[in-house]
S.K.: 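Starting off with a structure, shown below.
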2 protein chains.
Amino acid sequence: MARTKDPAVRTLLIERAAQMLRAREPVTLRAVVAGTGVSTMAVYTYFGGMDGLWRAMRQEGFSRLAAQLATVPLSADPVRDLAALGSAYLANAVANPDLYRVMFDAGFDLEDPAAADESLHTLVRAAERAKERGRFRADVDPLTLATQSWAIGHGLASLVTTGPLPRAALGHGAPILTALYVSCGDDPSSCRRSVESGWRLA
Amino acid sequence: MARTKDPAVRTLLIERAAQMLRAREPVTLRAVVAGTGVSTMAVYTYFGGMDGLWRAMRQEGFSRLAAQLATVPLSADPVRDLAALGSAYLANAVANPDLYRVMFDAGFDLEDPAAADESLHTLVRAAERAKERGRFRADVDPLTLATQSWAIGHGLASLVTTGPLPRAALGHGAPILTALYVSCGDDPSSCRRSVESGWRLA
DNA sequence: AACTATACATAGCAGTGCTATACATAGGCC
DNA sequence: GGCCTATGTATAGCACTGCTATGTATAGTT
């Protein structure tokens, strides 16, 4: 038929754009393709335009988040795991602050929404296990709890990556999550132990 | 000396830009001045450029937030007041979703940072009163608690205004705040009553 | 009333994302 | 193997962006 697309060019452009984003350089069409040797048209054949490149970068952000969450080893203590996942969430945000900010721009449209759903579902499963082991009351909805945990993590991550709060404010995550899990029925002292144990991981 | 600036033009441009933002129209220099009768140069004399106009819009967002928080009537129940302030925070975010999103862009630089500080301080004072009345333990730091409440509110507001969570998710605020205030020493059942009472206000 | 400093309108600048067109090249077909 | 076609690529140019230089009118000072 014809020349086939080279997948390497795709990742090359994404990485270069992410690098420029981190370096605080303006991510512009011509600037992105400048060092790569390819022409401006490549952005259109691979991404359909700059919007598509930004979408791909959001996707990359969610992929890195999923990878970071995947590094959390599941233990016999599901509350510890919940805290560890929250800690990993914040660790990913501070490791890629610019990417994290981009992730939640432009209406949250992704190429593959499943990647984001999967990350949330990791939290849901941990909450389910906490219920099964009797740490949380039976009337606790795992999805609700996961969403609440997400909101807490995102609030801290967003305020830290966008500037108003210093990085040390991320430490607020542990006491808030502890309070939340205690409200789900977990024993206060063992909850504190579990959360602080999981929080240290990342 | 010369012609003096007309303050009305300033507010006119801000309101028109905010209106275009709400209408999802691209907020561009020429588009903003189009309907006003003034020329593009007005944006430079009044704001120093588009960046200045965006900064002014962020300032407008914080002003509206402060106004919304000011409508909360202080009561004899400081925990109720804390919940009411949180509820008002979220109400402002959903009433001006686009403005809220802009508020936390571009590194949080404002013309008058005191406006933002003042809003946070309203929360701090409520936390202090809760300590004085014995609802919270003596070792609770009001600023810490206010910051934590802010992070929770911002997490929910941000996830709702940017899309991933539906508006109904704002209801998660009440149970999370309840859990947080209980962890500060408040009695669980009276805390729930106070928070739900304050939450209804907005 | 004359002067001057300031706001304003116009026109034009470099830079943006995007697209139309021509060209090169890889793959299917006989 | 040699065409042929479909596809990726490069170039040039489009409308638009924010911004600035220039000239002019005007409000405030003296």
Side-chain angles (χ1 to χ4, degrees), chain A residues 1-60 98-99 101-102 105-107 109-111, chain B residues 1-60 98-99 101-102 105-107 109-111:
Chain A
M1 293 271 286
R3 298 176 65 173
T4 68
K5 289 187 192 176
D6 181 4
V9 173
R10 203 190 132 84
T11 63
L12 173 72
L13 289 175
I14 292 178
E15 284 185 11
R16 169 141 181 82
Q19 170 189 348
M20 299 183 68
L21 193 69
R22 191 170 333 173
R24 296 288 197 283
E25 303 168 14
V27 181
T28 177
L29 170 64
R30 289 170 178 77
V32 167
V33 301
T36 64
V38 304
S39 181
T40 60
M41 274 301 295
V43 174
Y44 290 85
T45 61
Y46 287 94
F47 305 99
M50 284 301 285
D51 281 8
L53 180 57
W54 285 107
R55 263 202 326 203
M57 292 181 65
R58 281 194 285 275
Q59 192 71 45
E60 171 69 16
D98 314 273
L99 216 50
R101 220 173 315 133
V102 170
D105 283 356
D109 59 327
L110 302 170
E111 306 175 339
Chain B
M1 291 270 285
R3 299 174 65 173
T4 70
K5 291 185 190 176
D6 181 3
V9 174
R10 202 190 132 85
T11 63
L12 173 73
L13 289 175
I14 292 178
E15 285 185 10
R16 168 139 180 86
Q19 172 190 346
M20 298 183 68
L21 194 69
R22 191 171 332 172
R24 297 287 196 285
E25 302 168 15
V27 181
T28 178
L29 170 63
R30 289 170 178 79
V32 167
V33 301
T36 64
V38 304
S39 182
T40 60
M41 274 302 294
V43 174
Y44 290 85
T45 60
Y46 287 94
F47 304 99
M50 284 301 285
D51 281 7
L53 179 57
W54 285 106
R55 264 202 325 203
M57 293 182 65
R58 280 194 285 277
Q59 192 71 44
E60 172 68 16
D98 313 273
L99 216 50
R101 220 173 315 134
V102 171
D105 283 356
D109 58 328
L110 301 170
E111 304 174 341

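Chain letters run A, B, ... following the sequence lines, proteins first and then strands; every chain starts at 1.
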S.K.: Nearest-Å distance, CG (A:Leu29) to P (D:dA10)?
M.R.: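 It works out to 13 Å between those atoms.
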S.K.: Might you point out which heavy atoms bring A:Leu21 and A:Met57 nearest each other, and give the distance in Å?
M.R.: CD2-CE, 3.8 Å
S.K.: How would you label the contact of B:Val27 with the nucleic acid (heavy atoms, under 4.0 Å): base, sugar-phosphate, or nothing?
M.R.: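 Sugar-phosphate only.
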S.K.: For B:Ala31 versus B:Pro26, what's the shortest heavy-atom pair and its separation?
M.R.: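 B:Ala31 and B:Pro26 have their closest heavy atoms at CB-O, 4.2 Å.
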S.K.: Using a heavy-atom cut-off of 4.0 Å across all strands, would you classify A:Ser39 as base, sugar-phosphate, or nothing?
M.R.: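 Touches a base.
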S.K.: Mind running a 4.0 Å heavy-atom check of residues 42-56 of chain B against DNA chain D and sending the residues that fall below it, in number order?
M.R.: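 Those residues are B:Tyr44, B:Gly49, B:Met50.
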S.K.: Can you identify which nucleotide, out of D:dT20, C:dG17, D:dG18, has its nearest atom closest to the B:Thr40 side chain?
M.R.: D:dT20
S.K.: Is it the case that the base of D:dG18 and the side chain of B:Arg30 share a donor-acceptor contact (distance under 3.5 Å, atom types as modelled)?
M.R.: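 By the distance-only test, yes, there is a pair.
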S.K.: So which heavy atom on B:Phe47 is nearest to which on B:Leu53, and how close?
M.R.: CB-N, 3.6 Å
S.K.: If you take all heavy atoms of B:Val32 and B:Ala17, which pair is closest and at what distance?
M.R.: CG2-CB, 4.4 Å
S.K.: Between B:Thr40 and B:Leu29, what is the shortest heavy-atom contact and its length?
M.R.: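 Shortest heavy-atom separation between B:Thr40 and B:Leu29 comes out as O-CD1, 3.9 Å.
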S.K.: Quick one: B:Met41 CE to D:dG18 P, roughly how many Å, whole number?
M.R.: 15 Å
S.K.: Please lay out, stage by stage, how A:Arg24 and A:Asp98 fare under the test salt bridge (charged side-chain N to carboxylate O under 4.0 Å, His left out).
M.R.: CA-CA 9 Å; A:Arg24 296 288 197 283; A:Asp98 314 273; 2.6 Å; yes
